[in-house]
Amino acid sequence: MKQWPIFWRWLTVAALLEWLIGRTLTRSAIFMPKTPFMISSYQVLGTVGQVAITMTSLLALISILWIAWQERRNITFALLLITSVACSLTFIFVLPDGWWPVIDRMLLVAISTVLLGRLWRAAGDRRRQLILTIPVLAVWLGALYHWLPALAQALQLPEVPALGRTLFNIGEILVAFTPIGLWLLLRPRERIRVYALATIPAILFSIMHLIAPALVSMLVIWSIGLTLYLPWPLYALSLWLGMLAISSALKRDEAIGWGLLLLLAAGYAPQVSTHVFISLSALWLMLAGQPVEQTKCTSSFQSQPQIHAVT
Amino acid sequence: MMKHPRCMLAGLILAAIILTFFKIPLASSQSLTLIATRLDGELPLGDPDSALWQKSTAIDVPLSAQTITIPYLNKTNVKTIKARALRNDRQLAILVEWSDATQDDTLVRVQDFRDAVAVQFPLITTVEPYICMGMAGVDVNIWQWKADWQADIAARQDMETAYPNMNVDFYPFAQTALPAPVDYTDPNYVTAYQAGNLFAQVHATPVENLIAGGFGTLTSLPIDNQLVQGYGVYANGQWRVIFARDLKTTLPDNAQFDPGKSYPLAFAAWDGANGERNGQKSVSQWISLNINKPVAAAQPAAARNSLLASIDTTQVVILAIVGTLLLVAVGASIAWKIETRGSK
């Protein structure tokens, strides 16, 4: 990440803090006894979480605008990004009505579609393309899942198409397989100690899931938007290999590691525009962070030679 | 500016603190949205089968067991509800439908529990409080429809409802052929009724209007503040319940609704046959309720005024500041890029 502007690191840290504090710790704190000290601590934590989400929102907007600038030669993609930011900011103050939510969510579908197309247009390692398709497709399905109800409401249909839930479930499968795929891609050769340390979150998740499945499910839905409808060992395996992939990628300073962290912080099928922007930024980062010899063939990334020259 | 990343970071943190202090969000919602479609005439408040409900797009809201605070059940029966909303210039109506294998609408026997459904709105709409009963400082207004209250409106239930062939030596309420002693009907001797206890009244509506500000704080609003109307019907293994209330009320502790604005909304449901009551229930996450604006073509002036009214001047100023900060940040990024290119 040394070759990227420093705000990308700030974004990653802020997004992780926001996820950890704003969406996980403060919510799990309500399971604890309510002593006056706990209440005070919780209030402080809540305030820090609110600042973290605002900071994350600021940095997410900056990152999307920065990407738009980088993509200025690919004017359609840049305009999609800028329009999406403009819609997001406008809809904070003016309630979107009629077709506006459809357009807003269609923009996100379009952006992820462009990223998907770009990934497959690039010549190079098909295995890498296949693996990176998994997270891009998951984000694409998440965007489509939010787009369908908006479309149904704009068309004044009496029902939202049932297809939405199927899309969501397929997307969740892809989310579960993303860390596994990235681990296969990176093939980290770590010491046994690292492998053992990386199992800790997976073991904690497994124990908590066995003791209190309903509680864990609710926390996970709040935290990253997954419903845990798949067999729990798959999530545990995904968590373990994901930790290994992140650890390995960060050691090698590969953008994939940062991208995975950002995707984790954004969650699946996010319900807030900030998290959508973070997931799109993460995908862009993962795709842009491909080795030079693979990205040279893609027209869209040729506008940033100084970045890839040092990759 | 990029030469001094610490300054930029400090500036961003300061901006974040200011925005947080003024409660200015920088993110818009992408979540599930229930749109209250505007109608010109009367709302179908007593008819869940009315074709008018089809003008509103139904949304399926997933529910899961409340497992945050005891007492809770790990397995609750209501997994999803379907919701629609309509409004006219005066009222808001929400239709909630869900599957339930049994109709539990009596509480006469101690072993019985009722089916019920509730909707919840935060009284402060700028923040979403905890989904379960709100939190200190952010109260929630809850409308709870109760199947037994609905049945009571049709015919008051008592012991003979549960035990139609009961026989007692002397039970004035069961022996309708004999007049009850005056002490039993004189309000002065029915203390709960006389004191205004909501549960001792003859129910005028099957919906209880409540307020809460955290676990253990759920409180019924006074009788004169029981403003929510309701109607529920059970057929073919499905409950269909309508909530209705005026968009605006003058009484305190009630959610207020303005056309053209969005409000957080959450649902809860109870299956009495599963022993679900109180905190043992299924709950949804927060979704958005969009109070649909008037059609612009029909009322251009009203729509324009509504749009202007929805924009707060302070928020616009703060947005302008944030916009400037963003421009500065983007400018700094470009400068950094040019600088990097130059150094090569």
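Naming convention: chains lettered A, B, ... in sequence-line order (proteins, then strands); numbering from 1 in each chain. Hydrogens, waters and symmetry mates play no part in the numbers below; they use all other heavy atoms, side chains included.
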Would you compute the distance between atom [atom1] of [X] and atom [atom2] of [Y] and round it to the nearest 0.5 angstrom?
| X | Y | atom1 | atom2 | value |
| --- | --- | --- | --- | --- |
| A/T56 | B/L12 | OG1 | CG | 11.0 Å |
| B/L9 | A/M55 | CG | CE | 5.0 Å |
| A/T54 | B/I18 | OG1 | CD1 | 11.5 Å |
| B/K55 | A/L157 | NZ | CG | 13.5 Å |
| B/L34 | A/Q153 | CG | CD | 7.0 Å |

| task | Report the residues that fulfil ring-ring contact (aromatic ring centres under 6.0 Å, His included) with A/F91, sequence neighbours left out, ordered by chain and then residue number. | result | none
| Enclosure of B/W98 CH2 (heavy-atom neighbours >12, cutoff 6.0 Å) |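 Above 12, so yes.
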| field | Heavy-atom proximity to chain B below 4.5 Å, by part of A/I53 | value |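 Nothing of A/I53, per the 4.5 Å heavy-atom cut-off to chain B.
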| field | Choice from B/I59, B/I35, B/T57, B/T20 maximising heavy atom contacts with chain A below 4.5 Å | value | B/T57
| Minimal non-hydrogen separation, A/Q271 against B/W286, with atom names |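 Smallest heavy-atom distance, with atoms named: OE1-O, 4.5 Å.
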| task | For A/A269, enumerate each residue passing the side-chain contact (heavy atoms from CB on, under 4.5 Å) test, keeping only those at least two apart in sequence or located in another chain. | result |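 Partners of A/A269 under the side-chain contact (heavy atoms from CB on, under 4.5 Å) test: A/Y145, A/H146, A/F168.
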| request: Measure B/S56 against the heavy atoms of chain A and call it side chain, backbone, both or neither at under 4.5 Å. | output: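 It is the backbone, since no side chain atom gets that close.
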| field | B/K75 portion near chain A, given a 4.5 angstrom heavy-atom threshold | value | neither
